[in-house]
Chemist: 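Quick one: structure below, then a few questions.
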Protein chains: 2
Amino acid sequence: MKQKLTISIQDYLKIIYELTESGESASTNALAKRMKISAPSVTGMIQKLASSKPPLVEYQKHQGVTLTREGRRAALEVIRHHRLLEAWLVQTLGYSWDEVHEEAERLEHVISEDFEQRIAAAMGNPDRDPHGELIPTADLKMPVDESLPLSALRPKQSATIQRVQSSDTDLLRYLESLGLVPGAVIEIKAYSAFDHNLTVRVGRKSAVLGLNITSRIFIEKN
Amino acid sequence: MKQKLTISIQDYLKIIYELTESGESASTNALAKRMKISAPSVTGMIQKLASSKPPLVEYQKHQGVTLTREGRRAALEVIRHHRLLEAWLVQTLGYSWDEVHEEAERLEHVISEDFEQRIAAAMGNPDRDPHGELIPTADLKMPVDESLPLSALRPKQSATIQRVQSSDTDLLRYLESLGLVPGAVIEIKAYSAFDHNLTVRVGRKSAVLGLNITSRIFIEKN
DNA sequence: AGAAAAATTTAGGTATACCTAAATTTTAGG
DNA sequence: CCTAAAATTTAGGTATACCTAAATTTTTCT
């Protein structure tokens, strides 16, 4: 019979998806670090995921994991829940984009499909969450993302912010205070090759941003 | 240190409160039946609740349990979550009163205090859920309920329905179809001493209701 | 009162999902 | 290329919250 998707399993699948998506490999250590649990715990769980029927991940010892088709579907379901919830907390309860993550993190595992459909419909089936992240469709396809990291831009180039890949409250508040939110139009004023700092203009304000930030903001060139 | 209020513990406390409230004793068997788990599991858990610091229940072997002050506070917190959620699912997502229970049952354990406050405020701090059940206040006091079971009425008496104590989808749908919802004004047309059936008029319709139903509908006399 | 029935508890066991310590495998640097 | 460091896995253990079977206590009924 089918593996029960416990909250813990849902979390693993989601994180594996996110790591893979962002180009990193879903290694035991990467998962352990991201989930704040020990490496042996991760090994145990990925072995379980790999030997479940049907398998949710592809796994070869010492080589990390990739999601199977079933694993990916389950991951996208959780991610859809998470991102719809974030959008909805902002739109209907007045949460700000730095407050939604934690709440969505807990709710994502317990809402019904009916609830998912109701909030999606109530919002007119949005395609992005408050951070600009794409929301998987109801049939669990992830829309193609065309954005580039802000760190790829150089002086004189202009772009529009598409999404901000962070759940760090302080960073999000800082970015919001600068106007660096999805939809904002920016222009690169300077680049420092030594530390990869970018000077970015938004409206009348300018800010110098380190790679730590510029690699988490995704844009499309204008 | 304080006992962590796991989902399981929250469920026990809630059920103990509800059983006690409705006059039944919170015995091992009653809990087991209501929670659909085995009696030995209940014994194990109530022993744990009784010996936690501070104790959440008062317990003497073979005598069932009652909530301590701390246990009652925790129970009321869960019940407040549950009832606010039910109200809110109806008011903002178009759920009907027979659909809300299951969803609220899962959400009640994971919402933050912030979320609780936001939905309460958004609804103008309602004092009743969609079934007419009283919602514990933000400082965790349960308002006093003055209602009587419908089963206590006799022919010629008239009353207003205050609350319907049920989460049974089919029953709730049936009652709604008859107009037997909170706020409805009813009049007793007949009583059968043999089976305790009551004939109840609501608007132009009349229905004959068994004790199973009349003991779960609570009214105030007009 | 005493025996049968019912309720409850004890004893012993399972699955999940963590943990640390130690062993092993892979990777990277001289 | 070979050894030290890093990554990963194995081994063995914990807490939570369930379970069944058997023992015990309480209640009920004649």
Side-chain angles (χ1 to χ4, degrees), chain A residues 1-16 19-20 23-53 55-66 71 74-75 78 105-106 108-110, chain B residues 1-16 19-20 23-53 55-66 71 74-75 78 105-106 108-110:
Chain A
M1 78 237 147
K2 243 197 307 197
Q3 171 67 54
K4 206 213 157 189
L5 296 175
T6 63
I7 289 178
S8 188
I9 289 177
Q10 290 178 39
D11 273 331
Y12 275 90
L13 297 175
K14 181 180 64 168
I15 304 294
I16 293 167
L19 285 174
T20 306
E24 297 156 72
S25 93
S27 66
T28 301
N29 259 11
L31 285 166
K33 207 165 191 179
R34 180 79 160 260
M35 303 182 77
K36 295 181 180 165
I37 57 182
S38 71
S41 298
V42 172
T43 299
M45 182 56 100
I46 63 187
Q47 285 171 347
K48 176 177 173 171
L49 297 179
S51 59
S52 80
K53 292 194 297 191
L56 297 167
V57 302
E58 194 86 53
Y59 168 57
Q60 305 206 99
K61 265 185 199 166
H62 298 276
Q63 310 245 134
V65 293
T66 53
V78 179
E105 201 73 14
R106 280 174 281 107
E108 66 189 9
H109 305 298
V110 304
Chain B
M1 83 239 148
K2 244 196 308 197
Q3 171 68 51
K4 208 213 153 188
L5 296 175
T6 63
I7 290 177
S8 189
I9 289 177
Q10 290 178 41
D11 274 331
Y12 276 90
L13 296 175
K14 181 181 63 169
I15 304 295
I16 292 166
L19 284 174
T20 307
E24 297 156 72
S25 93
S27 66
T28 301
N29 258 13
L31 286 166
K33 207 166 192 178
R34 180 80 160 259
M35 303 182 78
K36 294 181 182 166
I37 59 184
S38 70
S41 299
V42 172
T43 298
M45 180 58 99
I46 63 187
Q47 285 172 345
K48 175 177 176 172
L49 296 179
S51 57
S52 79
K53 294 192 297 189
L56 297 167
V57 301
E58 194 86 51
Y59 168 56
Q60 305 206 101
K61 268 187 196 165
H62 298 277
Q63 309 245 135
V65 292
T66 52
V78 179
E105 201 72 14
R106 282 175 280 105
E108 66 190 8
H109 305 296
V110 304

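Both backbone and side-chain heavy atoms feed into the values below; hydrogens, waters and symmetry mates do not. Just so we're on the same page: letters track the sequence lines, and every chain starts at 1.
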Chemist: Does a nitrogen or oxygen in the side chain of A/Ser8 sit under 4.0 Å from OP1 or OP2 of C/dC18?
Modeler: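 Answer is yes, contact under 4.0 Å.
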
Chemist: Could you state the atom-to-atom distance from CD of A/Gln3 to P of C/dA15 in whole Å?
Modeler: 13 Å

Chemist: In whole angstroms, how far is the C1' atom of C/dA17 from the CD1 atom of A/Ile37?
Modeler: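 These atoms are roughly 9 Å apart.
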
Chemist: Toward the 5' end of DNA chain C, which comes first, A/Tyr12 or B/Ala30, by nearest nucleotide?
Modeler: B/Ala30

Chemist: Quick one: bend of the helix from C/dA1-D/dT30 to C/dG30-D/dC1 from 5 pairs per end, to 10°?
Modeler: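 Its terminal axes enclose an angle near 0°.
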
Chemist: What pair of heavy atoms forms the shortest contact from B/Ala30 to B/Ser25, and how long is it?
Modeler: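 Distance-wise, the nearest heavy atoms are CB-O, 3.8 Å.
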
Chemist: Indicate for each nucleotide in nucleotides 9-14 of chain C, in 5' to 3' sequence, whether protein heavy atoms under 4.0 Å reach the base (B), only the sugar-phosphate (S), or nothing (-).
Modeler: BB----

Chemist: Quick one: closest heavy-atom pair of A/Ile16 and A/Ala26, and the distance?
Modeler: CG2-CB, 3.9 Å

Chemist: Can you measure B/Lys33 atom NZ to C/dA6 atom P for me and round it to whole angstrom units?
Modeler: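 These atoms are roughly 12 Å apart.
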
Chemist: Separation of A/Asp11 atom CG from C/dT16 atom C1', in whole Å?
Modeler: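 In whole Å, C/dT16 C1' and A/Asp11 CG are 14 Å from each other.
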
Chemist: For C/dA6, does OP1 or OP2 lie under 4.0 Å from any side-chain N or O of B/Asn29?
Modeler: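 No, B/Asn29 has no side-chain N/O under 4.0 Å of OP1/OP2 on C/dA6.
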
Chemist: Apply side chain to side chain donor-acceptor pair (under 3.5 Å) to B/Glu24 and list each qualifying residue two or more places apart in sequence or on a separate chain.
Modeler: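 If we apply the side chain to side chain donor-acceptor pair (under 3.5 Å) test to B/Glu24, skipping adjacent residues, the hits are B/Ser22.
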
Chemist: Send over the distance from A/Met35 CE to C/dC19 P, rounded to a whole Å.
Modeler: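 Value for this atom pair: 10 Å.
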
Chemist: Tell me, please, which residues at least two apart from A/Glu105 pass salt bridge (Lys or Arg N to Asp or Glu O under 4.0 Å).
Modeler: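 Testing A/Glu105 for salt bridge (Lys or Arg N to Asp or Glu O under 4.0 Å), a comparison that skips the adjacent residues, returns A/Lys14.
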
Chemist: Just jot down the side chain to side chain contact (heavy atoms under 4.5 Å, CB included) partners of B/Leu5, sequence neighbours excluded, or say none.
Modeler: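 If we apply the side chain to side chain contact (heavy atoms under 4.5 Å, CB included) test to B/Leu5, skipping adjacent residues, the hits are B/Ile9, B/Gln10, B/Leu13, B/Leu56, B/Ala74.
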
Chemist: To the nearest 0.5 Å, tell me how far B/His109 NE2 sits from B/Ile7 CD1.
Modeler: 6.0 Å

Chemist: Find the distance B/Ile7:CD1 to D/dA17:P and express it as a whole number of Å.
Modeler: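 Nearest whole value for this atom pair: 10 Å.
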
Chemist: Using a 4.0 Å heavy-atom cut-off across all strands, classify A/Ser38 as base, sugar-phosphate, or nothing.
Modeler: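 It contacts base atoms.
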
Chemist: My understanding is that only residues two or more places apart in sequence, or in another chain, count here; which of them pass side chain to side chain contact (heavy atoms under 4.5 Å, CB included) with B/Ser38?
Modeler: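 With sequence neighbours excluded, B/Ser38 shows a side chain to side chain contact (heavy atoms under 4.5 Å, CB included) to B/Pro40, B/Ser41, given in chain and number order.
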
Chemist: Please enumerate all residues that pass side chain to side chain contact (heavy atoms under 4.5 Å, CB included) together with A/Gln47, with sequence neighbours excluded.
Modeler: A/Thr43, A/Tyr59

Chemist: Provide, to the nearest angstrom, the distance between the CD1 atom belonging to B/Ile9 and the C1' atom belonging to D/dA17.
Modeler: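 It is 10 Å, rounded to the nearest whole Å.
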
Chemist: Whole Å only: how far is the CG atom of B/Leu31 from the C1' atom of D/dC18?
Modeler: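 Between C1' of D/dC18 and CG of B/Leu31: 15 Å.
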
Chemist: Can you sort out the partners of A/Gln63 under side chain to side chain contact (heavy atoms under 4.5 Å, CB included), two or more places apart, ordered by chain and number?
Modeler: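 By the side chain to side chain contact (heavy atoms under 4.5 Å, CB included) rule, A/Gln63 matches A/Gln60.
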
